[in-house]
2 protein chains.
Amino acid sequence: MAERKVNATSTQVAKLAGVSQSAVSRAFTPGASIAESTKRKVLQAARKLGYQPNAIARSLSTKRSKIIGIVIANVTTNPFYPEVLDALSHRFQQRGQRVMLFVVTRDQNLDDILPQLLEYRVDGILLTAATLSSAMAHECSRLGVPVTLFNRSVPDTNASSFCCDNIEGGRMAARLLMESGHHQVAFVAGSRDTSTSLERERGFREELKKHGLEPYIEMGKFSYQGAFDAARKLMRLPKSPDAVFCANDIMAIGVLDALRHAEQKKVPEEVSVIGFDDIPMAAWPSYNLTTIRQPIERMIDSAVNDLLDRINQNTIVSKQELVRGDLVVRFSTKLPSGLSSGYVISTSETRNV
Amino acid sequence: MAERKVNATSTQVAKLAGVSQSAVSRAFTPGASIAESTKRKVLQAARKLGYQPNAIARSLSTKRSKIIGIVIANVTTNPFYPEVLDALSHRFQQRGQRVMLFVVTRDQNLDDILPQLLEYRVDGILLTAATLSSAMAHECSRLGVPVTLFNRSVPDTNASSFCCDNIEGGRMAARLLMESGHHQVAFVAGSRDTSTSLERERGFREELKKHGLEPYIEMGKFSYQGAFDAARKLMRLPKSPDAVFCANDIMAIGVLDALRHAEQKKVPEEVSVIGFDDIPMAAWPSYNLTTIRQPIERMIDSAVNDLLDRINQNTIVSKQELVRGDLVVRFSTKLPSGLSSGYVISTSETRNV
DNA sequence: AAAAATGATGAATGCGTATGCAAACATGCA
DNA sequence: TGCATGTTTGCATACGCATTCATCATTTTT
C-alpha cells in the first residue's frame, strides 16, 4: 500500500524522469517543442506518481482560467432553464471550458454575484434569465471579460445577446388567435421588468391593435401558481376572455390547469391557451399546448460560439442575434378554418440586428 | 474616461497606498493583523484602482480553491434534480464556496469527468444521480479530496452519502397499495444499475412478498416517455395490474398520462399510481399524485454540512445518512378504508447507519 | 566538409497572493 | 526612565506552472 503521495508536482515528476521541470510542462502542453522520447519518459514518471497538472497554477501563469461563469435563474420554476443549462454546460465542456455556476433567485442582485466570478478571472460570462446592470457591464468590459446574454435583450452594453424574436412571437400568437375567431383575449405576463415578457406582450398588443382588439393583462409571476391564480382572476371578469396568451409555457400550463380544474372550462372549446418556449411538457397529452418554440439548440450554439470566439480572438465586437421562433399548433387552441389539426410549424430563420 | 487599467494587482495597490504588498494582502484577509488606519488607506487605494484580489493566485498560495465540484445528471429529464442543484448551489454559495458544475448524461463516464475537477484542485466533490467507480473513489481519497454522494448509496468507499431511505419508501408504497385492496401490482423501474431504483424495488417486493404478492417489473428508463411506454406494455398483459408503483414521480406522471390518455383507464378507480420524490408537479391538479416525499432541504443541509466539515476539519470519517421519506397521499391511489381523503403525511426522521 | 537551419533542452524568471520571521513600534507597568 | 508585552509592518519566500532565452545537439544545405 506504500505511498501516501499527495498531488505530485511537475518538479517531482521531472526529478523522477531525469529531466527539467520545463520538459514536464512541455510534455503536457500540446504542440510544445519536445522529443517523443523524453515525452514518453515524462508521461511514464507522471503516471507513476499520479501526477496531474495543476490547473490553478496554470491559470495563474497563462492568465487564462479556462472557466466560464454561468449565471442562471428560474432553474426550479421553469423547465426551460434546466434545458438551457444542460445544453450550455455540454457545449462548454466539449470545447474545453469549465463552468462556474451561479443559480440566482429573482431578488438577488447580480452586482453581488459578478464580482465573485471576476475574482476567479473567468474567461467569459454567460447570463441567462438575468439582467445586467450597466455599471457591471462597464466593469466587465473594463476588465476585458466578454459577456453574453441569453434570452435577455441588451441595454446599451457591448455584451452580446441571443434571443428569440419575442416581439414577432407575440405577433404570431395574436395572429393565430384572431384567425381562429377569438374576440376577447388576455395576456398573462411574467413580470413588469423582464424584457422577454415585455417584448412578447408588445408584439401581441401591436398585432391585436391592428384589428381593434386590446388584451387584458394579468401578472403570472413567471410561475405555475402565479399563472393559476391569474387565470382565476381573468375568469371573474365581467367579460371573461376566450383566449389567453402566456409569456411562457409553464404559466400556460398553470392557466390550463386553473381553467380545467378550478373553473370547469373546456380548453380549447371555451378558452384557448397558448404558451411560449415549447418545453417538453407542452407535448404531453395532458396539456397538448399550442406554443411558440424557441430553437434552443441553435441559439445555444450561437451563444457559445460567439463567447468563445470573443475570448480567443480577443474580438471586441459583440453580436445581437434574434432567432425566429416556430409556431407549434397543438390542441389547446381552436384551429383557424384554414389549418388542419396536428402540427403546423412555421419555418424559422436567424436574423442579425 | 481616462483609465484603461486592467486587473490591478496587490503590488500596484501597495505602491499607491504607500505600504507593502503584504499589507494589501492583510487588508483583504479577515482577521489578519493590520492597523485600522492602514487598512483604510489600502481599501481606498484599492477602490481607486478597481482592485479585486485574484482568487486564482490566492488558491495557489493557500492550497484551497474554495471551489466545490458538483456532478449532476438527469437535469432535464427529472425536475427533482434542478431542485437539488438549486438548493446545493445556494447553500455552498452562502458558505463562501464556489461551484464548478458538470452536467452528465447517463452514458458519460464519471472517470473522465473527475480528473477535470481534480485538475482545479476542488476542495470537495458532490455527486448526485451519479455513481462513483471505486478506482476514482480511491484516487480522491488518495488526494485527500472529500466526496459526498447524494441520492446514491456507497459501494465500499469512504465517501459520505445522503439518501432517502429507499427500501422503506418501497415498503410504504407496498403497504398503502395492499391496504387499499390491490391484488395485482407492478413496479416501473428506472434502470437496472441504479441504487435508488433497485432499493425502492427491493423494499416494494419485500413487503409485497409478506402477503404473497409479486409485482410485474417494467423498465421506465427514468423518463416520462419510457414510463409512458412501460405503462402501455403493462396494460397489454393478460392480467393487467390494478396498481403501479414508479421509481420516481416523473415516471409516475408518464404512467398516469399513458393510462388516462392512451389506455382510457380511470385513475385511481381502475388503476392506482404512486410515485417517489414529490416534485412540485405531483401536486398539480392534473396529476394529484400520491408519492413518497424526499425531504430535500433537510438532506441537502446535511450533505453540505458534512462536506464542508470534512473539508475544514480535515476529518476523514465519512458519514452515511438515511432519511426517512414521507408518504403523501393524494388522489392517484384508492384510499384504504381507514384513511380519509386529502393528505396523510407520516412523520419523518433521520437515521445514521 | 563546413555552414546554416532546425529542433530539443534546461536555467531562470514571472504570474499574484499568503505567510513565517524578524524588526520596528506602541503600550503598560513598576 | 526602563523593561516587558503585544501589535504592526515589511522582507523574503513559496505556491506550481509556462515561457523566454541561450545553449547544445541534429539535420539539412551547399
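Below, each value reflects all heavy atoms present in this structure, side chains not excepted, and no hydrogens, waters or symmetry copies. Letters A, B, ... are given to chains in the order of the sequence lines, protein chains preceding strands, and every chain is numbered from 1.
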What nucleic acid atoms does [X] come within less than 4.0 Å of, heavy atoms only: base, sugar-phosphate, or nothing?
{"X": "B/Leu60", "value": "base"}
{"X": "B/Thr62", "value": "sugar-phosphate"}
{"X": "B/Val19", "value": "sugar-phosphate"}
{"X": "B/Thr38", "value": "sugar-phosphate"}

Heavy-atom pair of closest approach, residues B/Arg26 and B/Ala32: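 Here B/Arg26 and B/Ala32 meet closest at O-CB, 3.6 Å.
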Of the listed nucleotides ([options]), which one gets closest to any side-chain atom of [X]?
{"X": "A/Ala57", "options": "C/dC21, D/dG16, C/dT9", "answer": "D/dG16"}
{"X": "A/Ser22", "options": "C/dA11, C/dT9, D/dC17", "answer": "C/dA11"}
{"X": "B/Ile34", "options": "D/dC17, D/dT9, C/dA11", "answer": "D/dT9"}
{"X": "B/Thr29", "options": "D/dC15, C/dA18, C/dA11", "answer": "C/dA18"}
{"X": "B/Arg26", "options": "D/dC15, C/dC21, C/dG10", "answer": "C/dC21"}
{"X": "B/Ser61", "options": "C/dC15, D/dT8, D/dC15", "answer": "D/dC15"}

Over how many whole Å does the gap from [X] atom [atom1] to [N] atom [atom2] extend?
{"X": "B/Leu49", "N": "C/dG16", "atom1": "CG", "atom2": "P", "result": "14 Å"}
{"X": "A/Asn54", "N": "D/dA18", "atom1": "CG", "atom2": "P", "result": "9 Å"}
{"X": "B/Lys15", "N": "D/dC11", "atom1": "NZ", "atom2": "P", "result": "14 Å"}
{"X": "A/Ile56", "N": "D/dA14", "atom1": "CD1", "atom2": "C1'", "result": "16 Å"}
{"X": "B/Gln52", "N": "C/dG16", "atom1": "CD", "atom2": "P", "result": "14 Å"}
{"X": "A/Glu119", "N": "C/dT17", "atom1": "CD", "atom2": "C1'", "result": "12 Å"}
{"X": "A/Leu118", "N": "C/dG16", "atom1": "CG", "atom2": "C1'", "result": "16 Å"}
{"X": "B/Arg64", "N": "C/dT19", "atom1": "CZ", "atom2": "P", "result": "11 Å"}

A/Val99 side chain near B/Met100 side chain, heavy-atom distance below 4.5 Å: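 The answer is no; the side chains never approach within 4.5 Å.
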Just N and O in the side chain of [X]: are any of them under 4.0 Å from OP1 or OP2 of [N]?
{"X": "A/Ser33", "N": "C/dA8", "value": "yes"}
{"X": "A/Tyr51", "N": "D/dC17", "value": "yes"}
{"X": "A/Thr9", "N": "D/dG16", "value": "no"}
{"X": "A/Lys63", "N": "C/dG16", "value": "yes"}
{"X": "B/Ser10", "N": "C/dG16", "value": "no"}

Any ion pair linking [Y] and [X] (charged N to carboxylate O, less than 4.0 Å)?
{"X": "A/Arg298", "Y": "A/Glu321", "answer": "no"}
{"X": "B/Lys39", "Y": "B/Glu36", "answer": "no"}
{"X": "A/Arg91", "Y": "A/Glu297", "answer": "yes"}

Axial bend angle, the helix from C/dA1-D/dT30 to C/dA30-D/dT1: five-pair end segments, nearest 10°: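 Computed angle between terminal axes is 30°.
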Residue closer to the 5' end of DNA chain D, B/Ala32 versus A/Ala55 (nearest nucleotide):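 Of the two residues, B/Ala32 wins.
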side-chain contact (heavy atoms from CB on, under 4.5 Å) evaluation trace for B/Ile125 with B/Cys140: CA-CA 9 Å; B/Ile125 297 180; B/Cys140 289; 4.1 Å; yes
base_contact_polar (C/dG16 base, A/Arg121 side chain, donor-acceptor, <3.5 Å):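 Counting by modelled atom types and ignoring angles, no donor-acceptor contact under 3.5 Å is found here.
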Heavy-atom donor-acceptor pair, A/Gln21 side-chain to C/dA11 base, under 3.5 Å: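 No pair found.
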Step-by-step side chain to side chain donor-acceptor pair (under 3.5 Å) determination, A/Thr148 to A/Arg310: CA-CA 10 Å; A/Thr148 293; A/Arg310 287 195 295 155; 2.9 Å; yes
A/Phe80 ring center within less than 6.0 Å of A/Phe222 ring center: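 Centroid separation for A/Phe222 and A/Phe80: 6.0 Å or greater.
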Donor-acceptor contact present, side-chain A/Thr11 to main-chain A/Gln21, <3.5 Å: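 Here the side-chain-to-backbone pair does not exist.
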